[in-house]
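Each ligand, and each atom within it, is numbered from 1 in the order the structure gives. Keep in mind the model is a prediction, meaning the values are calculated, not measured. Below, each value reflects all heavy atoms present in this structure, side chains not excepted, and no hydrogens, waters or symmetry copies.
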Amino acid sequence: MGNMRLLVTGGAGFIGSNFVRWLLNSDDASHASLEKVVVLDLLTYAGNLANLSGLDQSGKFRFVRGDIRDEALVTELLQVEGITHVANFAAESHVDRSILDPLSFVRTNIEGTQVLLNLSRAAGVTRYLQISTDEVYGSLGAEGRFVETTPLDPSSAYSASKASADLLVLACHRTHGYNALVTRCSNNYGPYQFPEKLIPLFVTNALEDKQLPVYGDGKNVRSWLHVDDHSRAILAVLLNGRAGEVYNIGGSPEAEWENIRVTREILSILGKPDSLMRYVEDRLGHDRRYAVDYSKIKAELGWEPKVRFEDGLRMTVEWYLQNRQWWATIKSGEYMKFYEQYYSHRLA
Ligand code: NAD
Ligand code: DAU
């Protein structure tokens with residue numbers, strides 16, 4: 001990784017902050033020539049400087065607050081820091097919010113990506129990586145897995161905006177020959193995940209003896225991937241992926257669980273009763289099943305998931321137990337307005 005100076009946009013969110021921590025703290029020899037990591041993050045409701053605490057003393061790290069759509073700021077940052085690689089994690093990421101407010105997803109996920117892409121190319125950034133999602137493929141029935149050539153068929157404004165961004169990145173490669181590529185990952189879990197998402201919401205609700213709102217019949221399937229496994233995959237693609245390509249990243253078949261099984265497992269780890277579970281009105285446009293074929297990244301870059309879901313889930317529950325202050329602060333603030341708006345009638 002000779003002289004990599006990396007800009008991580010959205011690096012104060014869940015996956016971006018775990019990626020930065022993992023990069024800067026891991027002993028992996030391939031990190032040795034990482035010169036600098038600069039995080040650019042707007043600190044929306046989902047961004048949190050606490051996610052990056054402890055990194056500020058590292059000479060290799062800098063945090064800048066700002067919007068990926070701010071052309072003047074991004075241009076200056078790319079120049080001043082001599083950025084060689086960009087990894088774009090910045091996004092509005094929650095499906096339920098995209099049902100309530102689709103426009104903010106268009107602004108950040110589509111417009112933001114195009115601005116960042118334009119400016120990266122203009123500044124001579126060597127490589128641009130777009131962090132995307134398996135949700136762009138839509139929903140699977142009982143059989144099969146997403147491959148990179150599965151047609152895009154997004155169900156929500158979130159996934160439609162991510163699909164649009166992917167196409168803009170791939171078009172930039174085709175039009176200009178720009179060294180840009182895309183990863184599409186399944187559901188991540190781990191520390192520092194904002195408690196609007198299934199696992200941290202249910203763990204923290206259970207710890208507060210609140211109800212766990214299971215959408216529909218609870219039989220929707222997600223393919224769970226520990227965030228550290230995702231970080232390893234991102235670095236592999238950033239370093240050695242082929243320009244203009246898409247790489248699927250996903251959990252192994254043993255990590256494809258129905259939501260109801262995830263819910264029961266969380267309650268069992270915490271020693272809480274199943275009576276906390278509550279079936280509620282389904283999410284609109286709720287995708288039934290995700291499952292990812294990751295044979296391309298395995299064959300080309302030697303990546304596959306390592307953390308068994310049962311082990312990773314246990315470690316993650318333990319982290320939320322040990323870090324109550326982190327999530328209690330979030331759950332006492334602005335987030336509760338969304339929770340009230342979205343869940344109060346469902347749980348009434
Ligand atoms: P997150 O919501 O936790 O973090 C998003 C971060 O982006 C926040 O820190 C936020 O402040 C920042 N941000 C938002 N708008 C911005 C803007 N205009 N300019 C600069 N920063 C901005 O999301 P996450 O779960 O960490 O997801 C990160 C990326 O990975 C997203 O692109 C998401 O689509 C993708 N992804 C997520 C998952 C998952 O399971 N969470 C799976 C696959 C892909
Ligand atoms: O597949 C990758 C995607 O995974 C990412 O692109 C998204 O950014 C990320 O949010 C995630 O999307 P999901 O919609 O799958 O994640 P979420 O945690 O919101 O929901 C997981 C499953 O749990 C889904 O089937 C809906 C269900 N669910 C979720 C919540 C928040 C419930 O039953 N109740 C809930 O309260």
Side-chain angles (χ1 to χ4, degrees), residues 8-19 39-49 51-52 64-70 73-74 87-98 104-105 107-109 111-113 115-116 130-137 139 146 154-156 158-159 161-162 165 183-190 192-202 205 211-225 227 230 234 249-251 257-260 262-263 277-280 282-283 285-292 339 342-343 346-347:
V8 177
T9 55
F14 162 51
I15 304 177
S17 66
N18 274 283
F19 177 63
V39 166
L40 173 67
D41 195 295
L42 188 55
L43 298 181
T44 67
Y45 80 91
N48 188 347
L49 274 183
N51 299 359
L52 295 165
V64 177
R65 183 174 191 179
D67 195 320
I68 54 169
R69 291 168 301 168
D70 183 337
L73 172 73
V74 172
N88 181 26
F89 295 77
E92 288 296 332
S93 69
H94 193 38
V95 174
D96 294 322
R97 285 182 193 255
S98 80
S104 62
F105 286 70
R107 292 193 179 112
T108 288
N109 300 359
E111 186 188 340
T113 295
V115 169
L116 191 60
Q130 178 73 4
I131 309 299
S132 187
T133 168
D134 64 348
E135 289 198 15
V136 298
Y137 299 120
S139 186
F146 300 130
S155 305
S156 69
Y158 163 68
S159 48
S161 66
K162 293 295 291 185
T183 55
R184 294 187 180 139
C185 188
S186 63
N187 289 61
N188 282 219
Y189 68 98
Y192 301 102
Q193 186 167 28
F194 195 89
E196 64 190 355
K197 307 285 165 50
L198 178 75
I199 289 179
L201 178 65
F202 282 15
N205 274 12
Q211 292 185 311
L212 277 46
V214 177
Y215 297 156
D217 64 3
K219 292 187 175 164
N220 302 67
V221 173
R222 294 295 181 265
S223 164
W224 294 98
L225 184 75
V227 67
H230 192 187
I234 290 167
I249 303 167
W257 286 29
E258 287 184 348
N259 292 337
I260 199 66
V262 176
T263 308
M277 267 176 357
R278 172 83 182 274
Y279 288 99
V280 300
D282 209 350
R283 169 188 279 175
H286 195 178
D287 287 335
R288 191 62 172 169
R289 186 171 81 91
Y290 301 148
V292 175
Y339 193 81
Y342 196 75
Y343 288 100
R346 288 183 161 78
L347 290 168

Item to check | Residues in contact with ligand 1, criterion: heavy atom under 4.0 Å | outcome: Gly10, Ala12, Gly13, Phe14, Ile15, Asp41, Leu42, Leu43, Thr44, Ala46, Gly47, Gly66, Asp67, Ile68, Phe89, Ala90, Ala91, Ser93, Thr108, Ile131, Ser132, Thr133, Tyr158, Lys162, Cys185, Ser186, Asn187, Asn188
Euclidean distance, [Y] [atom2] relative to [X] [atom1], rounded to 0.5 Å:
X: Ile131; Y: Phe19; atom1: CD1; atom2: CZ; value: 7.0 Å
X: Phe105; Y: Ser98; atom1: CZ; atom2: OG; value: 4.5 Å
X: Ser139; Y: Asp287; atom1: OG; atom2: CG; value: 4.5 Å
X: Phe89; Y: Ile68; atom1: CZ; atom2: CD1; value: 12.5 Å
X: Thr183; Y: His230; atom1: OG1; atom2: NE2; value: 5.0 Å
X: Asn48; Y: Leu43; atom1: CG; atom2: CG; value: 8.0 Å

Checklist entry - Would you call Val227 and Tyr192 a side-chain contact if the rule is heavy atoms closer than 4.5 Å? => result no
Item to check | Val262 and Tyr189, any side-chain heavy atoms less than 4.5 Å apart | outcome: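 Answer no - side chains too far apart.
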Please list, in number order, the atoms of ligand 2 under 4.0 Å from a heavy atom of [X].
X: Thr133; result: 1 (O), 2 (C), 3 (C), 5 (C), 6 (O)
X: Lys197; result: 10 (O), 18 (O)
X: Ser186; result: 1 (O), 2 (C)
X: Val214; result: 33 (O)
X: His94; result: 19 (O)

Counting both backbone and side chain atoms, is some N or O of [X] under 3.5 Å from an N or O of ligand 2?
X: Asn259; value: yes
X: Phe202; value: no
X: Asp134; value: yes
X: Arg222; value: yes
X: His286; value: yes
X: Tyr290; value: no

[atom] - nearest protein heavy atom and its distance:
atom: atom 13 (P) of ligand 2; answer: Glu135 OE2, 3.3 Å
atom: atom 14 (O) of ligand 2; answer: Arg283 NH1, 2.6 Å
atom: atom 18 (O) of ligand 2; answer: Leu198 N, 2.8 Å
atom: atom 33 (O) of ligand 2; answer: Tyr215 N, 2.8 Å
atom: atom 16 (O) of ligand 2; answer: Asn187 ND2, 3.4 Å

Checklist entry - Which pairs pass salt bridge (charged side-chain N to carboxylate O under 4.0 Å, His left out) with one or both residues in residues 212-222, sequence neighbours excluded? => result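 Sorted pair list: Asp217-Arg288.
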Next on the checklist: Going by side-chain contact (heavy atoms from CB on, under 4.5 Å), Leu225 matches just one of Ile249, Asn187, Val292. Which one?
Outcome noted: Ile249
Next on the checklist: Tell me whether Cys185 reaches ligand 2 (any heavy atom closer than 4.0 angstrom to a ligand atom).
Outcome noted: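 Cys185 counts as a contact of ligand 2 under the 4.0 Å cut-off.
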Item to check | contact_flag Lys162 ligand 2 heavy-atom lt 4.0 Å | outcome: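 So Lys162 does not count as touching ligand 2.
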Item to check | Option nearest atom 34 (N) of ligand 2 (shortest heavy-atom distance, choices Pro200, Ser93, Pro213) | outcome: Pro213
Item to check | Best match, Tyr343, Tyr137, Tyr158: closest heavy atom to atom 7 (C) of ligand 2 | outcome: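 Going through Tyr343, Tyr137, Tyr158 one by one, Tyr158 has the nearest heavy atom to atom 7 (C) of ligand 2.
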For ligand 2, indicate whether the residue [X] contacts it via side chain, backbone, both or neither (heavy-atom separation under 4.0 Å).
X: Leu201; answer: side chain
X: Val95; answer: side chain
X: Ser159; answer: neither
X: Asn220; answer: side chain

Item to check | Minimum-distance pair of heavy atoms, taken over all atoms of Ala291 and Ser223 | outcome: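 Smallest interatomic distance, heavy atoms only, reads CA-CB, 4.3 Å.
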Checklist entry - What is the minimum heavy-atom distance between Arg289 and Phe146, and which atoms define it? => result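 Closest approach of Arg289 to Phe146, heavy atoms only: O-CZ, 4.2 Å.
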Next on the checklist: Checking Asn259 now: which residues fulfil side chain to side chain donor-acceptor pair (under 3.5 Å) with it, not counting sequence neighbours?
Outcome noted: none
Checklist entry - In chain order, what residues pass the side chain to side chain donor-acceptor pair (under 3.5 Å) check against Thr133, with sequence neighbours excluded? => result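 Applying side chain to side chain donor-acceptor pair (under 3.5 Å) to Thr133 gives none.
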Next on the checklist: Please determine whether side chain to side chain donor-acceptor pair (under 3.5 Å) holds for the pair Asp134 and Ser186, giving the CA-CA distance in whole Å, both sets of side-chain angles, and the decisive distance to 0.1 Å.
Outcome noted: CA-CA 5 Å; Asp134 64 348; Ser186 63; 4.7 Å; no
Checklist entry - Between the side chain of Asn51 and the main-chain N/O of Ala12, is any donor-acceptor distance below 3.5 Å? => result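 Flag set: sc Asn51 to bb Ala12 pair under 3.5 Å.
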